Asker: 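Before anything else, here's the structure in question.
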Amino acid sequence: MEGKVVLEEHFSTERNNALWNAKGEEDRNGVAYARDVERRLLDPDACLREMDRAGVEMCILSLTSPGVQGVVDPHEALALARASNDHAHALTRKHPGRFAAFAAVPMQEPQAAADELARAVGELGLKGALINGYSNVGPDEAVQYLDEDVVLPFWDRVAALNVPVYLHPREQLPSQQRAIRGYPELGGSAWCFAIETSTHAVRLMLSGLFDIYPGVQVILGHLGEGLPFMLPRLQHRLDEQREGRKGAKAAHRPSHYFARNFHITTSGHFHTKQLRQAIAQIGAERVLFSIDYPYEQMDVGGRWFDDLELEDGLKASIGRANANRLFSLGLPEISAGAVAGSAS
Ligand code: ZN
C-alpha cells in the first residue's frame with residue numbers, strides 16, 4: 001500500500017545526543033546496532049529513502065527517548081525542547097508533505113511545557129506532543145508522572161489546542177529494576193518499556209484526568225503496550241477488590257477511557273494476531289500504523305503491513321485515514337484499488 005502515514009518515528013540532534021548516554025543500548029543490543037541507530041537518528045535523508053522504499057508518504061517525527069524528559073534542570077529542559085522543536089520545524093519546512101512532527105515539551109515546568117506546546121503548534125505547525133514517560137524533576141529518583149495535579153496546566157492547554165499527546169516509553173527507575181537484575185536485556189524495549197508505559201497509561205485512566213478533559217487523546221505505541229490484552233483483567237480485579245471501589249478518583253472504569261481517550265499504533269510490534277486482538281478491544285478507528293524508526297526498519301514494518309490480510313477499507317484506515325483525521329493532515333483519500341494493488 002502506497003501512501004502510508006507513520007507516527008512513532010524518531011530523530012535526534014547533536015545537542016540531544018550530548019545528553020543521551022547510549023551505553024545501555026550498546027550493552028543490550030550490541031555496539032553496531034547502537035551506532036547504526038545513532039547515525040540514522042541524525043540523518044533525515046536516510047529516513048526519506050527508507051520511507052520511499054516502504055511506501056510511506058508521511059512521517060510524524062519526534063525527539064528520541066528520553067530526550068527532554070531526562071533533563072533535570074527546567075531551564076535546560078526548555079532550551080532543549082525549543083531547539084528540538086525548531087529543528088523539527090526546519091525539517092517539515094524542507095520536506096512538506098513528507099515530514100510532520102510532534103513537539104518535545106519540558107514537563108519539569110508544566111506551565112512552560114504548555115507555553116512551548118502552544119508555540120510549537122501555533123507558530124511551528126507541529127501536530128501535538130510526544131512525551132517520553134515520567135520526567136526527572138530532581139536528583140536521584142525525583143520524578144513526575146503525567147497524572148499528577150501539578151501537570152494540570154499542561155493538560156488544560158492540550159485540551160484547548162485540541163492536539164494528541166503520544167505517551168512514549170522510557171526505562172523504569174533503577175529502584176524498580178530488581179525484578180530483572182541479572183537480565184539487563186529486559187530493561188528496555190524487549191520488556192520493561194511496556195511495563196513502565198502501560199502502568200503510566202493506567203495511572204492516567206484512574207486519575208480522573210479524562211473526566212476533566214473528556215476530549216483529550218493519548219496515543220500509545222507498540223500495539224498499546226499490552227493493554228488490549230491486560231485491561232479486561234485489570235478492570236475485573238478492580239471491580240472485585242475493595243481497594244478498587246473505594247476512593248476511586250475517576251468517574252468511570254478504565255475501559256471507558258481506553259475506548260474514548262486512547263489511540264494505539266503498531267510501532268515495533270508487527271504481529272498479526274495481536275493486531276486483530278487490539279482492533280477487537282479498541283476498534284479499528286483507533287489503531288494507526290507506525291514503525292518506530294530507526295529502532296525498527298521501515299521496510300520490515302511496511303512489508304508486514306502491506307502483506308496483512310485485512311479488508312481494504314480497514315487497511316486504508318489504519319495505514320492512513322485514521323492518522324489523517326486525528327492530526328488534520330489534509331491528505332487526500334486513497335482508493336481501495338490502490339490499497340489492494342500495492343499489497344499484491
Ligand atoms: Zn519509539
Side-chain angles (χ1 to χ4, degrees), residues 4-13 16-17 19-22 24-25 28-29 33-34 36-44 46-47 50-51 54 56 58-70 84 88 91 99-105 107 126-135 146 164-172 186-201 218-227 262-271 274-275 278 287-302 304-305 323 327:
K4 294 188 285 292
V5 177
V6 292
L7 52 138
E8 197 197 301
E9 323 307 327
H10 307 299
F11 70 91
S12 192
T13 61
N16 183 59
N17 276 8
L19 296 167
W20 184 48
N21 177 6
E25 281 288 340
R28 271 194 298 279
N29 301 308
Y33 171 87
D36 186 50
V37 162
E38 226 173 279
R39 179 184 59 74
R40 292 192 294 157
L41 281 168
L42 295 170
D43 186 355
C47 182
E50 289 212 33
M51 288 165 64
V56 171
M58 181 177 270
C59 186
I60 306 181
L61 296 165
S62 48
L63 186 66
T64 194
S65 181
V68 176
Q69 270 59 66
S84 165
L91 290 175
F99 286 149
F102 285 106
V105 280
M107 297 309 302
L126 305 197
K127 299 298 181 186
L130 182 138
I131 302 175
N132 293 302
Y134 59 82
S135 292
L146 291 168
V165 171
Y166 204 121
L167 178 55
H168 185 272
R170 68 177 292 190
E171 295 198 356
Q172 290 181 301
L186 296 179
S189 54
W191 188 251
C192 285
F193 275 7
I195 308 289
E196 172 65 31
T197 312
S198 58
T199 305
H200 200 162
V218 173
I219 307 169
L220 298 172
H222 315 104
L223 280 178
E225 311 289 2
L227 284 174
F262 284 82
H263 289 72
I264 65 175
T265 77
T266 67
S267 59
H269 198 151
F270 311 130
H271 194 275
Q274 296 300 326
L275 173 65
V287 180
L288 301 95
F289 177 58
S290 287
I291 290 171
D292 206 355
Y293 178 87
Y295 301 96
E296 302 283 347
Q297 309 291 336
M298 286 252 179
D299 59 343
V300 173
W304 166 75
F305 189 76
F327 296 100

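Everything numeric here is computed off the predicted structure, so don't read it as measured data. Counting starts at 1 for both ligands and their atoms, in listed order.
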Asker: Would you call Ser65 and Tyr295 a side-chain contact if the rule is heavy atoms closer than 4.5 Å?
Answerer: no

Asker: Among all residues two or more places apart in sequence or in another chain, which pass the salt bridge (charged side-chain N to carboxylate O under 4.0 Å, His left out) test with Asp43?
Answerer: none

Asker: Tell me, please, which residues at least two apart from His269 pass ring-ring contact (aromatic ring centres under 6.0 Å, His included).
Answerer: none

Asker: Return all protein N, O or S atoms below 2.8 Å from the Zn ion (ligand 1), chain by chain in residue order.
Answerer: Glu8 OE2, His10 NE2, His168 NE2, Asp292 OD1

Asker: CG of Leu288 to CZ of Phe327: how many Å apart, nearest 0.5 Å?
Answerer: 7.0 Å

Asker: Answer yes or no: does atom CH2 of Trp191 have more than 12 heavy-atom neighbours from other residues, nucleotides or ligands under 6.0 Å?
Answerer: no

Asker: Taking ring-ring contact (aromatic ring centres under 6.0 Å, His included) as the test, write out the residues that go with His222, two or more places apart.
Answerer: none

